[in-house]
Amino acid sequence: MKRKLFFICIGCYFLMSNSIVYAAKKNAKATPASQKANVVENFSGLKRKVAIARFSNETAYAKGAFYDKENDPLGTQTVDILTAKLAASGKFILLEHKDLDLIAAEQSIRSGEVQKIDADYLIIGSLTKYGRKNEGKAGAIKRKVTQTVEAGVSIRLVDVSTAQIIYADEAVGAAETQTSTTMGLGDSVGFDATLSDKAIDAALSQLVENIINNCMDRPWKSYFLSYDSDSVVISGGASQGIKIGNTFDVMKRGKRVKNPQTGMLMELPGTKVGTVTVVMMGGDDKTNEWSIVTVDGAVDSNNLDAYLIQEKK
């Protein structure tokens, strides 16, 4: 009787040994950079406008006869996770655009043309790797099954005002769960669908900080919307962190030249020609906010596209 009770106790112990283990890696396993909930941080500075153009699925996973690349679940999943992470930083206004419009904009950028996109930065990405596997290990009285999902993500960050790729990188993330059975008792082994989220999250966690730093290390920008005797109006308002009394530099844009090495057009550094000071703000929402400013300096009102409004250095 005692021997029977001993084996029952051992069985109960092993049944309680199920565990979930996360792993993030960049060509090797490591702990994910972010395993906590996306809590929006307080940020009092000037926010950048960012649009995610697309996240294509370049893997062969789930691409059957009826595959629709415009409604790819893994691509959508990746965009949702990246959007949540960027929003949690509190440093961005994230703009929603139709994929096809932004893909067309991306093609214009590649050809060296500055596309009129209502964003400071454009994120273009791909899911480059996705795989899952089950591995079993059987012992005398216990059997352990490990499910693993691995995802690779590639990112490009484009400065819309110059059409230049300012950051590009890729990372690989993995997530796994272990399920144990003892003497045939225990959890059934079915695919854990949450592992996809965790693997993609682990990969993006390695890239998000660099995306944020590359955006925030560059001066905040705005543009002249109108310039006449009644008022001078620039883009942006309260949701971007603009306050009445803020003063910004007016920069005359530099000459655009073709880089002989890459074949792409690039913009040379601009020249400061004056300043503007915010006196009034308005607009219905973050996509159409504006600010009325006073101007100190020489600006050609007939050639407003030649200027940028820029955060003072």
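It should be emphasised that the depicted structure is a prediction, and the values quoted were computed from it without experimental measurement.
The minimum heavy-atom distance linking Gly245 with Thr277 is given by the pair O-CG2, 4.0 Å. Considering every non-hydrogen atom in both Ser196 and Val149, the closest pair reads CA-CG1, 4.2 Å. Listed here is the closest heavy atom pair of Phe43 and Met216: CZ-CE, 3.5 Å. In this structure, Thr59 and Lys129 approach most closely via the heavy-atom pair CG2-N, 3.4 Å. Here the closest heavy-atom approach between residue Lys47 and residue Ser239 is recorded as CD-O, 3.5 Å. Residues Leu127 and Ala151 approach most closely at CD1-CB, 4.3 Å, considering heavy atoms.
Contact of the Ile242 side chain with the Leu46 side chain is registered, since non-hydrogen atoms from C-beta on lie closer than 4.5 Å. Residues Arg48 and Tyr121 meet the side-chain proximity criterion, which asks for heavy atoms closer than 4.5 Å. Between Arg253 and Leu308, the closest side-chain pair of non-hydrogen atoms falls below 4.5 Å. For the pair Ile309/Phe224, a side-chain contact is recorded, criterion being any heavy-atom separation below 4.5 Å from C-beta on. Taking the side chain as every heavy atom from C-beta outward, Lys312 and Thr275 approach each other to under 4.5 Å. Side-chain contact between Leu82 and Val208 is present, with at least one heavy-atom pair separated by less than 4.5 Å. The side-chain heavy atoms of Val50 and Ile123, taken from C-beta on, include a pair separated by under 4.5 Å. Side-chain atoms of Val293 and Val279, non-hydrogen and from C-beta on, never get closer than 4.5 Å to each other.
Remark: side-chain polar atoms of Gln206 are paired, donor with acceptor, to backbone N or O of Ala202 under 3.5 angstrom. A donor-acceptor contact shorter than 3.5 Å is absent between the side chain of Asn210 and the backbone of Leu207. Between the side chain of Asp228 and the backbone N or O of Ser231 there is at least one donor-acceptor pair closer than 3.5 Å. Here the side chain of Ser56 pairs no donor or acceptor atom with the backbone of Glu58 at under 3.5 angstrom.
The structure places CD1 of Ile52 at 8.0 Å from CD1 of Ile211, a figure rounded to the nearest 0.5 Å. In this structure, OH in Tyr130 is found 7.0 Å from CD in Gln77, a value given to the nearest 0.5 Å. In this structure, Ser222 OG and Trp290 CH2 are separated by 13.0 Å, a value rounded to the nearest 0.5 Å. If you take CD1 on Ile81 and CG on Leu86, they are separated by 12.0 Å, rounding to the nearest 0.5 Å. In this structure, the separation between NZ on Lys286 and CD1 on Ile93 is 7.0 Å, given to the nearest 0.5 Å. Note that OG1 of Thr78 and CG of Asp197 are 9.0 Å apart. Values are rounded to the nearest 0.5 Å.
The hydrophobic clustering, which links ILVMFWY residues whose side-chain heavy atoms are closer than 4.5 Å, places Leu225 and Met281 apart. Placement of Val160 and Met251 in two distinct hydrophobic clusters is found when ILVMFWY residues are connected by side-chain heavy-atom separations under 4.5 Å, directly or transitively. Note on Met280: it does not cluster hydrophobically with Val295, by side-chain heavy-atom contacts below 4.5 Å among ILVMFWY residues. Note: the hydrophobic cluster containing Ile212 also contains Leu204 (ILVMFWY, side chain heavy atoms under 4.5 Å, direct or indirect links).
Residues Lys221 and Asp159 are paired through a salt bridge, judged by an N-O separation under 4.0 Å between the basic side chain and the carboxylate. The existence of a salt bridge linking Asp249 and Lys272 is confirmed by a sub-4.0 Å separation between a basic side-chain nitrogen and an acidic carboxylate oxygen. In summary, Lys85 and Asp201 engage in a salt bridge, as defined by a charged side-chain N under 4.0 Å from a carboxylate O.
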Full working for side-chain contact (heavy atoms from CB on, under 4.5 Å) between Val153 and Ile155: CA-CA 7 Å; Val153 174; Ile155 286 280; 4.2 Å; yes

Full working for side-chain contact (heavy atoms from CB on, under 4.5 Å) between Thr177 and Thr146: CA-CA 6 Å; Thr177 181; Thr146 301; over 6 Å; no

Derivation of the side-chain contact (heavy atoms from CB on, under 4.5 Å) call for Ile124 and Val158: CA-CA 8 Å; Ile124 303 161; Val158 178; 4.0 Å; yes

Verdict with supporting geometry, Ile234 and Tyr223, side-chain contact (heavy atoms from CB on, under 4.5 Å): CA-CA 5 Å; Ile234 66 171; Tyr223 305 88; over 6 Å; no

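Tyr167 and Asp169 share a donor-acceptor pair across their side chains, judged by distance under 3.5 Å alone. Side-chain contact check for Ser154 and Ser126: no donor-acceptor pair (N or O, by modelled atom type) lies under 3.5 Å.
Note: Trp220 and Phe248 have tilted aromatic rings, judged against thresholds of 30 and 60 degrees for the angle between ring planes.
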